[in-house]
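Below: the structure, in structure tokens.
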Amino acid sequence: MARVFTCGFEENNDNETMWTGAFNAAATIVTTAPHSGTYHARFNSTGGGYVGMQRDLSATVTSGTYFCRFYLRLVNLPSGNNQIFAMRNDSSGNNVAVSILTTGVVRLTNGISGSSTDGAEVLSTGVWYRIEVRYLI
């Protein structure tokens with residue numbers, strides 16, 4: 001399997017990555033316990049709400065398949081449900097979102113229909129997880 005494209009926080013600049021923004025919390029680039037390489041983004045949030053990164057599609061799309069992969073390591077479980085990832089059309093509405101619940105369970109939400117599903121796995125703190133999102137339109 002070949003790596004076709006990769007872009008993360010190794011640039012040490014959160015304005016120069018494939019991510020198009022952070023919501024409700026500024027990301028800081030840190031070197032503490034990265035998954036690989038030297039750098040990663042860190043969000044500090046102990047409460048509920050939306051904390052994470054978003055990927056905006058360049059235009060409203062009506063068909064196709066989009067993929068996104070990122071790694072997640074929780075220092076502690078959130079005290080409120082936290083959205084950690086969103087993929088959006090140019091209309092700024094979330095098409096798909098990933099959240100971490102207070103229980104450590106991952107929730108995937110379809111922003112178009114409003115439906116959601118919860119994973120069976122309970123995430124542990126201090127462990128790196130790979131999260132892959134396939135968005136089929």
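Worth knowing before you read on, the calculation uses all heavy atoms, side chains too, and leaves out hydrogens, waters and symmetry mates. In this chain, residues are counted from 1 in sequence order.
- Side chain of N82 to main chain of G80: a donor-acceptor pair is present (N/O by atom type, distance under 3.5 Å, no hydrogens or angles).
- Applying the salt bridge (charged side-chain N to carboxylate O under 4.0 Å, His left out) rule to pairs touching residues 115-128 yields R107-D118, sequence neighbours excluded.
- Every side-chain hydrogen bond (donor to acceptor under 3.5 Å, both in side chains) that E132 has, sequence neighbours left out, goes to R130.
- In this structure, Y129 and S124 have side chains that are in contact, with non-hydrogen atoms separated by less than 4.5 Å.
- Counting Ile, Leu, Val, Met, Phe, Trp and Tyr side chains that sit under 4.5 Å apart, directly or through other members, W128 shares a hydrophobic cluster with Y71.
- Side-chain atoms of I84 and I131, non-hydrogen and from C-beta on, do get closer than 4.5 Å to each other.
- Residues V75 and V127 fall into different hydrophobic clusters, defined by Ile, Leu, Val, Met, Phe, Trp and Tyr side chains chained together at heavy-atom separations under 4.5 Å.
- Remark: T102 pairs with N81 by the side chain to side chain contact (heavy atoms under 4.5 Å, CB included) rule, at least two apart or across chains.
- Residues forming a side chain to side chain contact (heavy atoms under 4.5 Å, CB included) with Y66 (at least two apart in sequence, or on another chain): L57, V61, M87, Y135, I137.
- For T65, the side chain to side chain contact (heavy atoms under 4.5 Å, CB included) test picks out F67, R134, L136, with sequence neighbours left out.
- Summarising the hydrophobic clusters (Ile, Leu, Val, Met, Phe, Trp, Tyr; side-chain heavy atoms under 4.5 Å, direct or chained), the residues clustered with V105 are L101, V122.
- At a threshold of 4.5 Å between non-hydrogen side-chain atoms, the residues L123 and I100 count as touching.
- Considering only residues two or more places apart in sequence or on other chains, S113 meets the side chain to side chain contact (heavy atoms under 4.5 Å, CB included) condition with N110, S115.
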